[in-house]
Amino acid sequence: MPELPEVETVRRGLNRLVRGKVIEKVKMTYSPMVKTGVDTFCQDLLGQEILDVDRRGKYLLIYLTDHVLISHLRMEGKYNFFPDQVPANKHFHAFFTFTDGSSLVYQDVRKFGTMELLGKADVEAYFLSRKIGPEPTEADFDLEEFSRRLAKSKKPIKSHLLDQSLVAGLGNIYVDEVLFRAQVHPAQASNQLSAEQVTSLHQATIEVLQLGIEKGGSTIRTYKNALGMDGTMQDYLQVYGKTGQACPRCQTEIVKIKLGGRGTHFCPQCQVKYG
DNA sequence: ATAGATGTTACTGA
DNA sequence: ATCAGTAACATCTA
């Protein structure tokens, strides 16, 4: 499910539903998802209180009494909260039962999601080693730095924005929206962008992800019913999934191509490649 | 009916 | 370094 706005929506839901609860029992039915070792993971979580749920890019950070649980939802990860009984489901892979009898259950059809249990002092190094860029906010996302780094790369701008190093949080839906807003062709080389385009991309990134958060994320393709899946952002998308429909700006048909292995939607009239 | 696609990231080999 | 391809997995669709 998640790009930054969806993960942020889940973060808010988790704080509302499980902050303050104490873990009494842990059951993992798909061990490979725990990258730091499933045995110690289950042991170390017992008795831990959920103090706060934070987010960095698309990563959830669940702050506990003595540890931090880093959870990445990848393509289809979801959290479900159950006040008492947990229904059977073949795609439930992690079960956290609290002392009050309620449960938080992680669901992931494709099993791509990951969990890691770190010490609080190790969090910074974790994101540094993965080269996760600044948060897409005016405060963190520096235009000059963005511009300098783009100038050093020949990568197609879409692929570059997706790699999380320039700015954290864009995924395949929102990146297409950002490129449309900024009127930049997805295959344009990073180092061939005009100063105006760079400024537009910077601004559009902040605005589109902020709008996504305000709308509670998008609910697309996968079903609702899990934490944070009640978003309406899908109603505000202008190009993603709009193949063959009229461009909202010029009425030209939106086309879909493949770029860097990802489906890519854009307006061939508004988003022209040059250079 | 089977190939291809699906909101992601990390690893491999050229 | 950098880049393209691929793997991890399950399901849906054209």
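Residue numbers begin at 1 in each chain, while the letters A, B, ... track the order of the sequences.
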*How far, in whole Å, is dC9(C) from dA1(B) if one measures between their P atoms?*
26 Å

*How far does the P atom of dT6(C) sit from the matching atom of dG4(B), given to the nearest Å?*
12 Å

*Do T205(A) and Y174(A) have side-chain atoms, one donor and one acceptor, less than 3.5 Å apart?*
no

*Can you figure out which of dA5(B), dC9(C), dT11(C) approaches the side chain of K258(A) most closely?*
dA5(B)

*Report, as a single string ordered 5' to 3', how protein heavy atoms within less than 4.0 Å touch nucleotides 9-14 of chain B: B base, S sugar-phosphate only, - not at all.*
BS----

*What is the distance from OH of Y30(A) to P of dA8(C), rounded to the nearest Å?*
9 Å

*With rounding to whole Å, what would you report as the distance between dA7(C) and dA3(B) at their P atoms?*
15 Å

_Considering every strand and a 4.0 Å limit on heavy-atom distances, what is the contact class for K90(A): base, sugar-phosphate, or nothing?_
sugar-phosphate

_Steps toward salt bridge (charged side-chain N to carboxylate O under 4.0 Å, His left out) verdict (K131(A), D163(A))_ = CA-CA 9 Å; K131(A) 300 188 173 20; D163(A) 83 11; over 6 Å; no

_Rounding to an integer number of Å, can you tell me how far H91(A) NE2 sits from dC12(C) C1'?_
12 Å

*Across all strands shown, which nucleotide pairs with dG5(C) by Watson-Crick or G-U wobble geometry, both distances under 3.5 Å?*
dC11(B)

*Will you find, in the side chains of Y240(A) and Q234(A), an N or O donor that is under 3.5 Å from an N or O acceptor?*
no

_Categorize K131(A) for me: base, sugar-phosphate, or nothing, with a 4.0 angstrom heavy-atom threshold over every strand shown._
nothing

*Figure out the CD/P separation between E76(A) and dA8(C), and round it to whole Å.*
18 Å

*Would you call the rings of H93(A) and Y30(A) parallel, tilted or perpendicular if under 30° counts as parallel and over 60° as perpendicular?*
tilted

*Measure from CG on D108(A) to P on dA10(C) and round the result to the nearest Å.*
10 Å

*For G113(A), which contact category applies under a 4.0 Å heavy-atom criterion: base, sugar-phosphate, or nothing?*
nothing

*Between K111(A) (NZ) and dA8(C) (P), how many Å, whole number?*
13 Å

*Just say parallel, tilted or perpendicular for the rings of F141(A) and F146(A), cut-offs at 30° and 60°.*
perpendicular

_Modelled atom types, side-chain donor and acceptor of T264(A) and K158(A), under 3.5 Å_ = yes

_Gap between atoms CG and C1', on L259(A) and dA5(B) respectively (whole Å)_ = 16 Å

*Distance in angstrom units between K78(A) NZ and dC9(C) P, rounded*: 18 Å

*asked:* Whole angstroms only, please: what is the CE-P distance between M115(A) and dT8(B)?
replied: 18 Å

*Under 30°, 30 to 60°, or over 60°: which ring-plane class applies to F92(A) and F82(A), parallel, tilted or perpendicular?*
tilted

